[in-house]
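Read through the structure below, which is laid out as structure tokens, and then see the notes.
Chain letters run A, B, ... following the sequence lines, proteins first and then strands; every chain starts at 1. On a predicted model such as this, the values are computed, not experimentally measured, just so you know.
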Amino acid sequence: MAAEKKQPRADQGVYAISVVSDLVGVGEQTLRLYERRGLVEPERTEGGTRRYSRDDVDRLRRIGELVDDGVNLAGVGKVLALEADNASLQQKLKAAQKRAADR
DNA sequence: CTTCTGACA
DNA sequence: TGTCAGGA
């Protein structure tokens, strides 16, 4: 019959920790450490299983790139914070540009 | 699958 | 410091 999936129900782009570990090529325990460090915040299902969304997986892959570049977890967390702040600034900038263009 | 502790590079 | 490993 159809391939039975893991704990995650029929949702869109939701992966179990084992799948994410294979995707990012890192141990499962490491992914849990990343979450503990605040690098990623996956959702939890009723059973307590981590539900990594596609966005989370993409973020983990980016973390792997930074680590590969020689950035430690502390640095990665800082980069993530900077990127979040940068996104906020870009949003404001876009709104300001649109306002100026409209005027 | 989850969390914890231990050990190694 | 970060990752892997085994046990509960």
Q.
For DNA chain B, report each stem as range with range, ordered by first number, or say none. Use Watson-Crick or G-U wobble pairs under 3.5 Å, at least 3 in a row.
A. B:4-9 with C:1-6

Q) Is the backbone of V19(A) close enough, under 3.5 Å, to the side chain of D22(A) for a donor and an acceptor to pair up by distance? A) no

Q.
dT2(B), OP1 or OP2 - any side-chain N/O from R50(A) closer than 4.0 Å?
A. yes

Q: Please name the pair of heavy atoms, one in V24(A) and one in V57(A), separated by the smallest distance, quoted to 0.1 Å.
A: CG1-O, 4.4 Å

Q: State, to 0.1 Å, how close V40(A) and D56(A) come at their nearest heavy-atom pair, and which atoms those are.
A: CG1-O, 4.4 Å

Donor-acceptor list for residues 84-102 of chain A side chains, cut-off 3.5 Å, not counting sequence neighbours:
unit_1	atom_1	unit_2	atom_2	d
N86(A)	OD1	Q90(A)	NE2	2.4

Q.
Please give me the minimum heavy-atom distance between G27(A) and S21(A), naming the atom from each residue.
A. C-CB, 4.1 Å

Q. What integer distance in Å separates E35(A):CD from dC1(B):C1'?
A. 13 Å

Q.
How long is the straight-line distance from CZ of R51(A) back to OH of Y15(A), given to the nearest 0.5 Å?
A. 12.0 Å

Could you list the protein-to-nucleotides 7-9 of chain B atom pairs, N/O on both sides, closer than 3.5 Å?
none

Q | Where at least one partner belongs to residues 23-35 of chain A, residue pairs that pass side chain to side chain donor-acceptor pair (under 3.5 Å), sequence neighbours excluded | A | E35(A)-R50(A)

Q: Assess whether atom CZ of R44(A) is packed by more than 12 heavy atoms of other residues, nucleotides or ligands within 6.0 Å.
A: yes

Would you give me the side-chain donor-acceptor pairs under 3.5 Å for residues 58-75 of chain A, sequence neighbours excluded?
unit_1	atom_1	unit_2	atom_2	d
D58(A)	OD2	R62(A)	NH2	3.0
R59(A)	NH2	D55(A)	OD2	3.3
N72(A)	OD1	G75(A)	N	2.9

Q) Mind checking whether Y52(A) and L23(A) have side chains closer than 4.5 Å, heavy atoms only? A) no

For nucleotides 1-8 of chain C, list the nitrogen or oxygen atoms of the protein found under 3.5 Å from its nitrogen or oxygen atoms, one pair per line.
unit_1	atom_1	unit_2	atom_2	d
dG2(C)	OP1	L73(A)	N	2.6
dT3(C)	OP1	Y34(A)	OH	2.8
dC4(C)	OP2	G27(A)	N	3.1
dC4(C)	OP2	T30(A)	OG1	2.5
dA5(C)	N6	Q29(A)	NE2	3.4
dG6(C)	O6	Q29(A)	NE2	3.4

